[in-house]
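Read through the structure below, which is laid out as structure tokens, and then see the notes.
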Amino acid sequence: MPGAPSWYAASARGVRARPRLEGRIVADACVIGGGYTGLSAALHLAERGYDVVLLEAEQVGWGAAGRNGGQVGSGQRRDEGELTQRFGLEMARRLWMLGEEAKALVRERVARHAIDCDPRNGQLITAARAADAVALRRRPERLARDFGYDAMRWIPPGELPAMLASRIFHGALLDAGALHLHPLNYALGLALAAEAAGVRIFEHSAALGYAPGAPLTVRTGTGEVAARCLVLGCDGYLGRLEPRIAAHIMPINNFIVATAPLGAAGARALIRDDVCVHDTRFVVNYFRLTADHRLLFGGGENYRRGFPPDIAAFVRPYLLRVFPQLAGVGIDYAWGGALGISRTRLPHLGRLGANVYFAQGFSGHGISIGSLAGQLIAEAVAGETGRFDLMARLPAPAWPGGTLLRWPLLVLGMLYYALRDRL
Ligand SMILES: Cc1cc2nc3c(=O)[nH]c(=O)nc-3n(C[C@H](O)[C@H](O)[C@H](O)COP(=O)(O)OP(=O)(O)OC[C@H]3O[C@@H](n4cnc5c(N)ncnc54)[C@H](O)[C@@H]3O)c2cc1C
């Protein structure tokens with residue numbers, strides 16, 4: 001079973017057993033990490049004619065790619081207003097357009113490789129507080145005027161209950177241009193496409209370290225890869241592999257449950273149009289229906305190294321706050337995963353020396369931006385550095401305290417904001 005004991009693992013399609021790396025092999029490019037970043041980089045590189053080896057410590061999709069909420073939002077993780085304030089309108093437009101390209105890339109990959117991952121359109125962004133509603137209401141006009149995006153509209157509080165069977169929200173934005181999908185099946189489909197393009201994928205082959213150079217050498221427990229360039233796509237699972245980038249992201253644990261099947265009518269009674277939903281809280285609640293009519297609900301996170309012993313009991317209060325009518329419904333699956341959060345919530349792309357590329361810190365927006373990051377890395381390896389450099393120039397400050405002290409400082413900060421959610 002790939003990944004965690006999740007509903008995704010239980011409904012996975014395209015699972016393959018892949019060999020462990022044994023002995024020494026040579027390639028043009030070595031990619032570490034079988035999530036969206038690594039798989040997308042490997043696929044794009046192979047399509048450009050590079051001989052690519054991908055090393056995955058566990059199985060393809062074992063990391064956040066196989067555990068996440070499956071929501072593919074528009075633009076970047078930071079909204080266009082925040083981007084404009086921080087970088088000016090022109091740069092905000094370029095970043096927004098890259099985010100849109102990332103979303104289109106996901107759709108294009110799913111279509112081109114016939115990836116069986118139940119893609120469905122539409123996302124509601126619900127206002128958790130009245131003040132959030134004021135900010136959300138401004139977005140459709142600004143997006144249409146300054147960003148040429150006209151797929152968002154405001155749903156007033158009075159109209160929302162017909163679309164979403166919850167009374168706690170102060171209206172919502174409906175983004176018809178966003179989508180949701182089965183994230184593990186998307187990753188598994190990318191892996192099959194990469195292999196069809198010639199990528200050699202090794203599982204249970206954790207990279208233990210690498211010696212820089214040209215070629216550089218990546219070492220696993222049972223083999224090594226000599227390659228002209230290296231791609232690091234490990235995000236929240238990077239560990240100690242590359243200390244120079246570790247302090248720039250904070251791995252945070254986030255949790256999801258899947259209810260017992262509710263039946264087609266029961267499921268649609270909760271979310272009429274089968275769109276995905278997330279709210280505006282700092283610790284976001286996010287939810288959607290599955291193809292077999294369950295509610296998949298993400299809520300709550302922790303800032304420790306381990307998961308709570310009973311994840312279902314941990315998430316249930318968040319679920320019941322949104323849908324108290326589900327008090328008697330069972331929870332069939334509960335799981336968690338780690339995602340890399342950057343301080344700016346913008347992705348952290350870059351290069352170490354001449355031939356080591358990395359992308360991480362997608363901060364909850366990694367299905368699309370991770371997929372795009374893989375493409376940008378492949379472009380940069382091929383010498384087309386413009387778009388990669390644009391993203392690599394984004395500020396990516398290290399978390400205070402570096403790799404050693406970032407945890408206690410983060411816990412303090414996060415608890416403060418989580419407390420504000422409750423007030
Ligand atoms: C609970 C949860 C909900 C989320 N919800 C959403 C959502 O709704 N929408 C969205 O866009 N994003 C969401 N995210 C974030 C998204 O899943 C990540 O941004 C995305 O998966 C990052 O992709 P990645 O390939 O960079 O890293 P990952 O998918 O985490 O993959 C990294 C891989 O690297 C491997 N690895 C690490 N170290 C090594 C090593 N030394 N050697 C070999 N392999 C190694 C790991 O085993 C892992 O498989 C969520 C994340 C979580 C945890």
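As the structure is a prediction and not an experimental result, all values here were calculated from the model. For the single chain, residues carry numbers from 1 onward in sequence order. Each ligand, and each atom within it, is numbered from 1 in the order the structure gives.
- Annotation: Phe362 is not in aromatic contact with Tyr36 [ring centroid separation under 6.0 Å not met].
- Ion pairing between a basic and an acidic side chain is recognised when a charged N comes within 4.0 Å of a carboxylate O; Asp292 and Arg294 show such pairing.
- Within the 4.0 Å heavy-atom criterion, both parts of Thr37, backbone and side chain, lie near ligand 1.
- Nearest to atom 14 (N) of ligand 1 by heavy-atom distance, out of Leu232, Thr220, Leu190, Asn68, is Asn68.
- The distance from ligand 1 to the heavy atoms of Gly69 drops below 4.0 Å at these ligand atoms: 3 (C), 4 (C), 5 (N), 6 (C), 7 (C), 8 (O).
- At the shortest separation from atom 34 (O) of ligand 1 among protein heavy atoms lies Gly33 CA, 3.3 Å.
- Residues Phe358 and His348 place their aromatic rings such that the two centres sit under 6.0 Å apart.
- Using a non-hydrogen distance threshold of 4.0 Å, Gly236 does not register as a contact of ligand 1.
- Protein heavy atom at the shortest distance from atom 20 (C) of ligand 1 is Tyr36 CD1, 3.8 Å.
- One finds a salt bridge joining Arg18 and Glu195 here, because a Lys/Arg side-chain nitrogen approaches an Asp/Glu carboxylate oxygen to under 4.0 Å.
- Under a 4.0 Å criterion applied to the non-hydrogen atoms of Asp235, ligand 1 contributes the atoms 22 (C), 26 (O), 27 (O).
- Heavy-atom proximity to Asn254, at under 4.0 Å, picks out these atoms of ligand 1: 1 (C).
- Between Arg13 and Asp118, at least one side-chain N (NZ, or NE/NH1/NH2) sits under 4.0 Å from a carboxylate O, which counts as a salt bridge.
- Nearest protein heavy-atom contact of atom 43 (C) of ligand 1 is Ala57 N, 3.1 Å.
- Of the protein's non-hydrogen atoms, the one nearest atom 30 (O) of ligand 1 is Ala64 N, 3.0 Å.
- Closest protein heavy atom to atom 29 (O) of ligand 1: Ala65 N, 2.8 Å.
- When Gly337, Cys234, Gly298, Ala373 are ranked by how near their heavy atoms come to atom 36 (N) of ligand 1, first place goes to Cys234.
- Taking the charged nitrogens against the carboxylate oxygens, Arg387 and Glu101 do have a contact shorter than 4.0 Å, which makes a salt bridge.
- Taking a cutoff of 4.0 Å between a charged side-chain nitrogen and a carboxylate oxygen, Lys103 and Glu108 do not qualify as a salt bridge.
- Ligand 1 places these atoms under 4.0 Å from at least one heavy atom of Gly233: 32 (C), 33 (C), 34 (O).
- Between Phe255 and Trp335, the ring centre distance reaches or exceeds 6.0 Å.
- From the protein, the heavy atom lying nearest to atom 42 (N) of ligand 1 is Ala207 N, 2.9 Å.
- Electrostatic pairing of Arg20 and Glu203 does not count as a salt bridge here, judged by no charged N lying under 4.0 Å from a carboxylate O.
- Checking Leu54, Ile369, Leu241, Ile367 against atom 11 (O) of ligand 1, the nearest heavy atom belongs to Ile367.
- Near Gly70, the atoms of ligand 1 lying under 4.0 angstrom from a non-hydrogen atom of the residue are 7 (C), 8 (O).
- In terms of polar-atom proximity, defined here as any N/O pair under 3.5 Å, Leu238 makes no such contact with ligand 1.
- Proximity of Tyr237 to ligand 1, defined as any heavy-atom pair under 4.0 Å, is shared by backbone and side chain alike.
- Those atoms of ligand 1 that come under 4.0 Å of a heavy atom in Tyr286, given as number and element, are 1 (C), 2 (C), 3 (C).
- For Trp62 and His204, the ring centers are positioned 6.0 Å apart or more.
- The proximity of Ala338 to ligand 1, defined as any non-hydrogen pair under 4.0 Å, is limited to the backbone.
- Of all atoms in ligand 1, listed by their number and element, those nearer than 4.0 Å to a heavy atom of Gly63 are 30 (O), 48 (C), 49 (O).
- No option in Val257, Leu320, Asn254 other than Val257 meets the side chain to side chain contact (heavy atoms under 4.5 Å, CB included) test with Val315.
- Residue, atom and distance of the protein heavy atom nearest to atom 15 (C) of ligand 1 are Gly364 CA, 4.0 Å.
- Counting only heavy atoms of the protein, atom 47 (O) of ligand 1 lies nearest to Glu56 OE2, 2.6 Å.
- With a 4.0 Å cut-off on non-hydrogen atoms, Gln71 touches ligand 1 through its backbone as well as its side chain.
- Using a 4.0 Å cut-off to heavy atoms of Ala206, the atoms of ligand 1 that qualify are 42 (N), 43 (C).
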**Prompt:** Can you check ring pair (Phe, Tyr, Trp, His ring centres under 6.0 Å) on Tyr8 and Tyr333, steps first, answer last?
**Reply:** CA-CA 9 Å; Tyr8 294 135; Tyr333 301 90; 9.6 Å; no
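- Using a 4.0 Å heavy-atom cutoff, Gly370 is absent from the residues neighbouring ligand 1.
- For the pair Val231/Ile32, no side-chain contact is recorded, criterion being any heavy-atom separation below 4.5 Å from C-beta on.
- Between Phe297 and Tyr318, the ring center distance fails the sub-6.0 Å criterion.
- Salt bridge annotation for Arg24-Glu224: present, with a cationic side-chain nitrogen under 4.0 angstrom from a carboxylate oxygen.
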